[in-house]
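Following: one structure in structure tokens, then a few remarks.
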Amino acid sequence: MSTLGWEPRLPLTAAEQHVDYPAHYNHVTDQRAGIEKRAARPARQIAFAVAELGLAPIPKVDALSRALDSGLVKTMRFGYDQARAEIHAQREQTLLASTVPDAGRFAEAAAGGLAAVRKLIADRARQAAEAIAAAALAARLLETGDMDALRLTVSRTTSRALHNHVLELVGETLNLGRAAGALSFAQPPEFALRSEQLDKATCDACTRLHGSIAQVGSAEFYDLMPPSGCYGGGRCRGIWVFSDSTAQVLVREAA
């Protein structure tokens, strides 16, 4: 697995060998750029209104929220489909040897599925749009220069806020989609491995978290879901990788 310029940072565990990491790498990269590009126009309109009028018009915030939300649906579905394909591949490979031993008995059955994730990302997109508008308004209050300086400060602040929120939203949505995909099975996989293979250079926190194992659906599972703990926040490309057995996710079992 070394196509498209991506190579594993560390030896892959058995479960990680079923993950299409190049597809994940390209998806995250493309979505970050694409969503930010689509959201740039309403963000600029908010910046202009804040600089000129001192307010962020609700219709413009609505438009920014929709631009963020619509792009995230693709990431949610990608994560969902990829996780399901990985789990199917693992189970097809091991089914002849043995049946799944009570898989998923620790997972919460009522995970909500795609409908719940869809509502959550719509809410998160709205929160992000409002936060971007708030950042623009705050920048206007702090700028004491002439009008040109005011416009430049508000524009730069708005663009920076949009960029940071898109990074966070894409990674968050990818992992929520993957979790929904894993929990959609009648017998969900029982274990999840925190995998940091996608980043070419991880922070110290993610280096330590790589290889962490949690029971799917547990409090620890949600607490450790990437980008939780990452020093880079939304820049994290970590994902949960799922399996029915610890042997598939233990780092020492890597080939």
Side-chain angles (χ1 to χ4, degrees), residues 1-2 4-13 16 19-40 43 64 67-69 71-72 74-76 78-79 82-83 117 120-121 123-132 134-136 138-139 156-179 192-214 219-242 249 251:
M1 297 179 67
S2 59
L4 303 178
W6 178 86
E7 293 183 358
R9 297 178 51 254
L10 300 164
L12 298 175
T13 63
E16 288 178 304
V19 180
D20 188 346
Y21 282 104
H24 279 76
Y25 184 88
N26 287 335
H27 178 88
V28 170
T29 300
D30 292 346
Q31 282 291 88
R32 285 176 172 178
I35 293 173
E36 187 170 348
K37 182 178 181 180
R38 287 190 294 274
L64 177 57
L68 294 169
D69 178 49
L72 292 171
K74 182 177 180 180
T75 293
M76 174 190 73
F78 175 84
Q82 288 288 318
V117 176
L120 177 59
I121 64 173
D123 292 343
R124 291 286 291 113
R126 180 67 193 190
Q127 291 168 7
E130 291 176 353
I132 293 165
R156 286 177 173 172
T157 299
T158 306
S159 295
R160 184 167 58 251
L162 171 63
H163 178 71
N164 290 336
H165 278 283
V166 168
L167 291 182
E168 182 175 347
L169 288 170
V170 170
E172 178 182 303
T173 302
L174 175 62
N175 274 289
L176 287 170
R178 288 181 60 82
L193 163 77
R194 174 132 174 182
S195 174
E196 299 291 341
Q197 298 281 8
L198 285 172
D199 275 313
K200 294 180 179 178
T202 61
C203 66
D204 290 341
C206 285
T207 297
R208 291 192 297 270
L209 287 168
H210 175 78
S212 298
I213 299 172
E220 184 181 27
F221 171 74
Y222 292 106
D223 288 344
L224 289 178
M225 183 179 290
S228 176
C230 178
Y231 293 155
R235 288 172 173 78
C236 183
R237 293 177 185 252
I239 60 173
W240 276 131
V241 176
F242 303 97
V249 292
V251 171

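Sequential numbering from 1 along the given sequence is applied to the chain's residues. Everything numeric in this text was worked out from a predicted model, so none of it was measured.
- For the pair T173 (side chain) and L72 (backbone), a donor-acceptor distance under 3.5 Å is absent.
- Between R32 and V28, the closest side-chain pair of non-hydrogen atoms falls below 4.5 Å.
- Within the 4.5 Å cutoff, no side-chain heavy atoms of E196 are placed close to those of C230.
- D69 is not listed as a side-chain neighbour of R124, based on a closest heavy-atom distance of 4.5 Å or more.
- Atom CZ in F78 sits 6.5 Å away from atom CG in D20 (nearest 0.5 Å).
- No side-chain N or O of H210 forms a donor-acceptor pair with one of T202 less than 3.5 Å apart.
- Atom SG in C206 sits 7.0 Å away from atom CG in D199 (nearest 0.5 Å).
- Shortest non-hydrogen contact noted between A205 and G229 is CB-O, 3.3 Å.
- Shown here are the salt bridge (Lys or Arg N to Asp or Glu O under 4.0 Å) partners of E36, two or more places apart in sequence or in another chain: there are none.
- M225 has its side chain out of reach of E220: every pair of non-hydrogen atoms, C-beta onward, lies at least 4.5 Å apart.
- Taking 4.5 Å as the limit, some side-chain heavy atom of L64 sits within range of a side-chain heavy atom of L162.
- The backbone N or O of L224 lies less than 3.5 Å from a partner atom in the side chain of R194, making a donor-acceptor pair.
- Looking at heavy atoms from C-beta onward, L169 lies out of side-chain contact with I35 at the 4.5 angstrom threshold.
- Checked by atom type, the side-chain pair R237/S195 shows no donor-acceptor distance below 3.5 Å.
- A distance of 7.5 Å separates OG in S228 from CG in L209, rounded to the nearest 0.5 Å.
- A 4.5 Å side-chain heavy-atom check between H165 and L68 finds every atom pair outside the cut-off.
- The closest donor-acceptor contact from the side chain of Q31 to the backbone of G71 lies under 3.5 Å.
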Between H27 and K74, does a side-chain contact (heavy atoms from CB on, under 4.5 Å) hold up when you go through it step by step? CA-CA 10 Å; H27 178 88; K74 182 177 180 180; 4.1 Å; yes

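- The main-chain N or O of W240 is found under 3.5 Å from a side-chain atom of N175 such that the two form a donor-acceptor pair.
- Here CD of Q82 is found 7.0 Å from CZ of R178. Values are rounded to the nearest 0.5 Å.
- Here R160 contributes atom CZ and R156 contributes atom CZ; the two are 9.0 Å apart, rounded to the nearest 0.5 Å.
- With a 4.5 Å cut-off on side-chain heavy atoms, L12 and Y21 count as touching.
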